[in-house]
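Every heavy atom of this structure was used, including side-chain atoms; hydrogens, water molecules and symmetry mates were not.
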Amino acid sequence: MKKTSIILLVVIAVCVAGMVMMVGDFSTYETFATARKKEGKEIHVIGALDSTKAVVYDPARDANYFSFHMKDKSGEISRVVFYGTRPTDFEKSTELVLTGKMVGTEFHCSKILMKCPSKYKDEQQAFSAQRKG
């Protein structure tokens with residue numbers, strides 16, 4: 001084989017290996033139960049705020065400590081700790097996506113992504129009611 005053919009094969013092999021490694025890093029949403037099995041590994045958990053339990057944030061005491069309870073998509077409730085300021089309109093969110101790790105029985109998150117209710121929801125309901133009537 002020519003040197004150029006060998007070099008081309010090596011370059012293609014490196015590209016394929018790189019793509020396989022990148023695909024392996026894409027994560028899916030986990031539950032708290034599966035997060036416990038992967039303790040220490042950073043994962044994404046999707047769920048909703050459990051409004052029956054207290055939300056702890058006291059900026060006068062520690063502005064970078066925020067904790068709450070979340071119910072994951074399987075229905076399990078776990079305490080979540082976030083070392084940062086409480087996001088604006090946090091209680092209004094309909095869905096939360098947390099990035100973090102399980103530490104014992106708590107989920108310590110590094111990022112919080114909130115899905116808030118649509119401001120167009122009332123307009124959509126009024127429009128659909130108008131079409132039916």
Side-chain angles (χ1 to χ4, degrees):
M1 287 180 96
K2 292 183 181 180
K3 284 185 179 182
T4 55
S5 298
I6 293 171
I7 292 172
L8 183 62
L9 285 173
V10 170
V11 169
I12 291 172
V14 169
C15 289
V16 168
M19 291 175 66
V20 168
M21 289 173 57
M22 285 179 54
V23 169
D25 287 343
F26 291 131
S27 61
T28 58
Y29 295 123
E30 305 280 347
T31 62
F32 290 126
T34 58
R36 262 186 230 90
K37 294 175 187 170
K38 300 177 181 180
E39 188 171 344
K41 184 177 182 214
E42 190 161 280
I43 59 165
H44 300 283
V45 177
I46 190 167
L49 175 68
D50 182 4
S51 56
T52 63
K53 307 222 184 211
V55 173
V56 178
Y57 181 65
D58 185 4
R61 188 170 164 200
D62 186 356
N64 290 318
Y65 181 84
F66 175 52
S67 73
F68 57 95
H69 288 79
M70 185 177 95
K71 181 187 277 189
D72 67 12
K73 60 185 175 184
S74 71
E76 183 181 346
I77 298 172
S78 183
R79 183 165 185 236
V80 177
V81 176
F82 177 64
Y83 293 103
T85 58
R86 184 180 70 86
T88 307
D89 294 332
F90 180 76
E91 284 81 7
K92 292 181 182 179
S93 65
T94 57
E95 193 173 69
L96 300 170
V97 178
L98 307 177
T99 303
K101 303 174 183 179
M102 271 317 260
V103 179
T105 59
E106 297 179 334
F107 188 80
H108 288 220
C109 71
S110 55
K111 293 180 194 170
I112 300 175
L113 178 65
M114 301 183 310
K115 181 179 178 185
C116 294
S118 173
K119 66 181 180 179
Y120 303 109
K121 187 176 182 180
D122 294 333
E123 292 175 22
Q124 288 172 349
Q125 288 176 347
F127 182 71
S128 64
Q130 202 175 40
R131 290 180 86 193
K132 289 179 183 177

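Listed by chain and residue number, Ile46, Lys115 satisfy the side-chain contact (heavy atoms from CB on, under 4.5 Å) test with Glu95 (two or more places apart in sequence, or in another chain). Partners of Ser93 under the side-chain contact (heavy atoms from CB on, under 4.5 Å) rule, at least two apart in sequence or in another chain, are Leu96, Met114. Applying the salt bridge (Lys or Arg N to Asp or Glu O under 4.0 Å) criterion to Lys111, with sequence neighbours excluded, gives no partner residue. With sequence neighbours left out, Asp50 forms a side-chain contact (heavy atoms from CB on, under 4.5 Å) with Thr52, Lys53, His69, Ile77. Qualifying salt bridge (Lys or Arg N to Asp or Glu O under 4.0 Å) partners for Glu39, counting only residues two or more places apart in sequence or in other chains: none.
Summarising the geometry of Ala48 relative to Thr94, their closest heavy-atom pair is CB-O, 4.0 Å, with the distance given to 0.1 Å. Closest non-hydrogen pair, Ser78 versus Phe107, comes out as OG-N, 4.3 Å. Closest heavy-atom contact between Asp72 and Ala33: OD2-N, 4.5 Å. Residues Lys38 and Glu30 approach most closely at NZ-OE2, 3.0 Å, considering heavy atoms. Between Arg36 and Gly104 the shortest heavy-atom distance is CG-O, 4.4 Å. Taking each heavy atom of Ala35 and Met102 in turn, the nearest pair found is CB-CG, 3.4 Å.
Ile7 forms part of a hydrophobic cluster together with Val11, judged by ILVMFWY side-chain heavy-atom separations under 4.5 Å.
When hydrophobic clusters are built by joining Ile, Leu, Val, Met, Phe, Trp and Tyr residues whose side-chain heavy atoms come closer than 4.5 Å, directly or via intermediates, Phe82 is grouped together with Val55.
Residues Phe90 and Tyr57 are not in side-chain contact: their nearest non-hydrogen atoms beyond the backbone lie 4.5 Å or more apart. Here the side chains of Thr105 and Arg79 are not in contact, with every heavy-atom distance at 4.5 Å or above.
Ring orientation note: the planes of Tyr83 and His108 are tilted relative to one another, at an angle of 30° to 60°.
Rounded to the nearest 0.5 Å, atoms CD (Glu42) and SG (Cys109) are 10.0 Å apart.
With respect to the salt-bridge test (charged N to carboxylate O, under 4.0 angstrom), the residues Glu91 and Arg86 qualify.
Of the candidates Leu49, Val45, Leu98, Ile112, Val80 forms a side-chain contact (heavy atoms from CB on, under 4.5 Å) with just one, namely Leu98.
Between the side chain of Thr99 and the main chain of Ser110, no donor-acceptor pair closer than 3.5 Å is present.
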